[in-house]
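Structure first, then comments.
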Amino acid sequence: MKAVNQARPTALPFNEINTPDHQRAPGLKRRLAVCIACTLPLAANTLAASEPDTNAEPTIEEITVTSSKREQNRNDFAGSVSVFNHQWLKQQQPLSLQTLAGNTPGFNIIDTGSRNPSPLVIRGLRFAGVDANDLGGDGGSVTRYLDDIPLPGGFMPPDLQLLDLQQVEVLKGPQGTLYGSSSLAGVVRYETVKPDLNEFATELNASASTTAHSDDLSHSVGLVSNLPIAEGKAAARLVLSQDEVAGFIDNNYLQNGPQDDINNEEGKQARLSLRWKPVEALTLDASYHYQDRFIGDRQASNESFSGDPYGASSYYLQPADTNVEMASLSARYEFEKVAATAIHSRYDYTTQREADQTDFLLGFGWPYTEYEDFSAITKSDFDVTKSSTELRLASIDNSAQWQWLLGAFYSEDDVDGTVVDLAPGLDDYLGVENEPRDYAGAQTEALTETALYGETTYRINTRWQVTLGGRYYEQDDDLEVCNGFPLWDRLDGYEPTLYCEADQETDDGFLWKASAQYHASFGSRFYGVYSEGFRRGGSNALPTYLENNRTYQPDYAEHYELGFLSGDLWQNTTFNATVYAIDWDDIQQAAWEGGYPVTVNAGTARSLGVELESRFNLTESWGLAWGAAYNDATLRTPADDLAGTAVTGESGDRLPGSPKEQWHIGLDGQHQFDAFQLDTLVSVMSLGEITTALNDTMADYERLPGFTILNAHVGAQWGNWYWALDATNLTDERAITSGRHESVYGPQGRFDTITRPRTLSLSVRLSL
């Protein structure tokens, strides 16, 4: 591995915005440090049965896994994967990432509400603290795919609406050989329903719902239409949706007066998929996805200040307006024994958002505290794009003695954004005209990745098979960060200027994977896996005088797993069990150097755990699915004493953001009557306590209690009509999932992100 650094300091005029010494403002340097940190990016359960045949004994359906980048039966895949099928997914409307995580042992998210990205955590691999994650990503350790489109997660990914999905797969443990960077802990893959070449079908749907503590109704309408263009040769599938989600947070402290239900949402979604098979061996697919979403404010309250469990206390509304567009083209040609696949995709995400900054700045003292009418708001505007190309060759016959996969991958990621803090009236108070910008920053970043990967499986005999895989990658990261204080420049008689620092980091490496699987005589299978994963490195562009840790390298995980798959041990039962150990080295963690925040490689951690999943078809009408996980993720070796760098954490500290225990259970039924068919689902999801920081020496350390969510669904199919009644969070649990701490934001600026209260919805679908 190598690292190459090039620093290019420049001065950039910014809308008339030479940086003098700011002796007049105590804490200004510290504030610059924090602002820099804000500008930089942070770094199934259900094996559900198909619709029952009332004349047959209950059986477990065969499950196909596609996340291995070639179709495999679940029992042939050596590794831990939870699969959610189409039927189960349609019963979870609206489907959310929170529901998927709650039903997947070993997978959880740090829920920050719809406004902000919710970090994804698999098997405890997370080091950063639990906070609002305003300008952060999803943690960078779990990668997500929509079909073959990689969804960037390193910087402010959207809350993607999950519509018309065929299957969802959650691969747990490092998946670096097949998926590269950001799959340090695992992969979540959404597979959409593809156009049917032969059948005309249209579905209209609508829903209305009421949420406790809200004054308004939520509603949605949608259309799904499958249109064959040339029978057996070409088809299109169109998905349209529009929804309005009522808020339930009130705020009596806004400068413009009290408002109720401020965290409302409005969204529009569309997807067009095309499939063409000019000959039997060739399949051409194209898709376009569009989503536009507006979120009125945070899903957060400040009960300790407002006295209201659902009452916020910010001075300003804090909306977010997001737009995402994705497009892909793919071609698959099947030769006699080999399939060739080519994929190109493009992702473009823009977001504009506002956040109350008042109490954060008041913590710096003069002059903010002297100005009686002081308030401040942060406005940010970011554009994130990603284009990727992937080529694959894979064997087709899964029963052959040799099976193999070869692939090449190339991607380009770009981030371009600005952040500005506005303090209305402070400029006049300080004797400066028309310069309310207390702080301004800009960031551009370009990341390219090139990789070659391969995997081969050899069947030694009818009992044993072994798999060996590897990936070679090269990455190049160019980053430029600019910061300045326009108001203070004006006060000192200077033209406002942004000072910029740029840096470049390159690295390459090789990742391994090996597995062995034994087929027992009674149909069950035992497997063992060793795999590696990594998260890309980067550059610390500021401060300009930085001597140590100018760049930080990738961090790596080594994964050891033993598992059992019941297979057809019993006709109507499955049972899967996994034990694992993950060693995490050179962890990327936040530190301070010379009063500035930097990212450094330091320390090691270990994650140990066990996961269980099972499905029982109790009768031809009733099924029971459950799962449980225990995870112990701790800091193993504290950070070394790096020259000039202060780091935190002690050996044995529990890694923040991940519970030790989680479990879920669901009872589903399908009942055929003369005139209609009834389906039911009752599910319980329980998450244990999490900590918000490494230990109690840290000012933002808290223990967030665990919580349990109860959901229920009843649906009736009557001819072409389907009616459903759903209840989410039936017990109206108010759980705290993240937030901002009083130590940084003061008693009024702090808040707790909370779960959505009990929601009852009525929906209808008409199939034409």
Side-chain angles (χ1 to χ4, degrees), residues 25-40 42 110-113 115-117 119 128-136 249-255 262-263 297-320 353-371 373-380 419-424 426 438-439 441 590 592 597 656-657 691-693 696-704 736-754:
L28 195 57
K29 183 177 181 181
R30 178 166 65 95
R31 172 148 179 259
L32 173 60
V34 177
C35 290
I36 295 168
C38 291
T39 308
L40 293 170
L42 304 179
I110 299 174
D111 191 354
T112 57
R115 180 186 179 277
N116 292 345
V130 175
D131 56 24
N133 202 36
D134 264 1
L135 296 179
I249 300 293
D250 301 335
N251 192 334
N252 294 324
Y253 300 89
L254 295 170
Q255 285 198 333
I262 59 175
N263 62 316
D297 210 314
R298 304 180 189 275
Q299 188 172 300
S301 67
N302 187 357
E303 182 179 11
S304 62
F305 186 87
S306 67
D308 181 355
Y310 298 93
S313 56
S314 61
Y315 295 83
Y316 294 95
L317 289 175
Q318 303 175 90
R353 58 188 63 207
E354 300 178 7
D356 188 359
Q357 195 79 332
T358 304
D359 290 273
F360 173 72
L361 293 182
L362 287 173
F364 291 97
W366 185 92
Y368 310 112
T369 54
E370 300 300 319
Y371 178 41
D373 296 325
F374 175 77
S375 65
I377 188 170
T378 295
K379 296 188 176 184
S380 59
V419 178
V420 59
D421 286 353
L422 302 176
L426 183 62
D438 184 73
Y439 166 82
W592 293 85
T691 58
T692 61
D696 57 10
T697 66
M698 302 178 182
D700 58 346
Y701 178 85
E702 287 187 70
R703 292 179 177 268
L704 301 184
I736 300 173
T737 56
S738 61
R740 278 185 170 170
H741 201 269
E742 184 174 333
S743 62
V744 178
Y745 289 90
Q748 185 171 354
R750 68 165 304 280
F751 58 76
D752 299 316
T753 306
I754 55 178

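For clarity, every value in this text was computed on a predicted model and none was experimentally measured. All residue numbers refer to positions in the sequence shown, counting from 1.
- Pro747 and Asn302 get closest at one heavy-atom pair: O-ND2, 2.9 Å.
- Here the shortest heavy-atom pairing between Gly657 and Val130 reads CA-CG2, 3.6 Å.
- Put simply, the side chain of Tyr701 reaches to within 4.5 Å of the side chain of Thr691, judged on heavy atoms.
- Side chains of Asn116 and Arg298 form a contact here, defined as non-hydrogen atoms less than 4.5 Å apart.
- No side-chain donor from either of Asp111 and Thr753 sits under 3.5 Å from a side-chain acceptor of the other.
- Taking 4.5 Å as the limit, every side-chain heavy atom of Tyr310 sits out of range of all side-chain heavy atoms of Asp250.
- For Asp134 and Arg740, the salt-bridge test passes: some basic side-chain N is under 4.0 Å from an acidic carboxylate O.
- Leu361 contributes atom CG, which lies 11.0 Å from atom OG1 of Thr369 (distance to the nearest 0.5 angstrom).
- Rounding to the nearest 0.5 Å gives a distance of 8.0 Å between CG of Leu704 and OG1 of Thr737.
- Separation of atoms CD1 (Ile262) and OG (Ser301) is listed at 10.0 Å; rounding is to 0.5 Å.
- Put simply, the side chain of Thr692 gets close to the backbone of Glu702: a donor and an acceptor are under 3.5 Å apart.
- Taking every heavy atom of both residues into account, Thr112 and Pro119 meet most closely at CG2-CD, 4.3 Å.
- Rounded to the nearest 0.5 angstrom, Asp356 CG and Ile377 CD1 are separated by 7.0 Å.
- Between atom CZ of residue Arg115 and atom CZ of residue Arg353 there is a gap of 5.5 Å, rounded to the nearest 0.5 Å.
- Under the 3.5 Å distance criterion, the side-chain polar atoms of Ser738 are left unmatched by any main-chain donor or acceptor of Ala132.
- To the nearest 0.5 Å, atoms CD (Glu370) and CG (Leu362) are separated by 11.0 Å.
- Of all heavy-atom pairs between Pro656 and Ala693, the closest is CB-N, 3.8 Å.
- Side-chain atoms of Thr358 come within 3.5 Å of backbone atoms of Ala376 as a donor-acceptor pair (strictly under, hydrogens ignored).
- At a threshold of 4.5 Å between non-hydrogen side-chain atoms, the residues Ile249 and Asp297 do not count as touching.
- Side-chain contact between Thr378 and Tyr439: absent, with no pair of heavy atoms (C-beta onward) separated by less than 4.5 Å.
- In this structure, the side chain of Asn251 engages the main chain of Ser314 through a donor-acceptor pair within 3.5 Å.
- When side chains are defined from C-beta on, Asp438 counts as touching Leu426, because their heavy atoms get closer than 4.5 Å.
- Val419 is listed as a side-chain neighbour of Ser380, based on a closest heavy-atom distance under 4.5 Å.
- Here the closest heavy-atom approach between residue Ala423 and residue Phe374 is recorded as CB-CE1, 3.8 Å.
- Between the side chains of Tyr253 and Ser306, no donor N or O sits under 3.5 Å from an acceptor N or O.
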inquiry  = Checking Asp131 against Asp700 for the side-chain contact (heavy atoms from CB on, under 4.5 Å) test, could you report, in this order, the C-alpha distance in whole Å, the side-chain angles of both residues, the deciding distance, and whether it holds?
reply    = CA-CA 9 Å; Asp131 56 24; Asp700 58 346; over 6 Å; no
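- Among all heavy-atom pairs drawn from Asp421 and Gln357, the shortest one is OD2-NE2, 3.6 Å.
- With hydrogens and angles ignored, the 3.5 Å screen pairs no side-chain donor or acceptor of Gln255 with any backbone N or O of Tyr315.
- Using a distance-only test at 3.5 Å, with no hydrogens or angles considered, a donor-acceptor pair links the side chain of Gln299 to the main chain of Ile754.
- Not one N or O on the side chain of Asp359 forms a donor-acceptor pair closer than 3.5 Å with the backbone of Glu742.
- Proximity of Glu303 to Asp752: side-chain heavy atoms (C-beta onward) are nowhere separated by under 4.5 Å.
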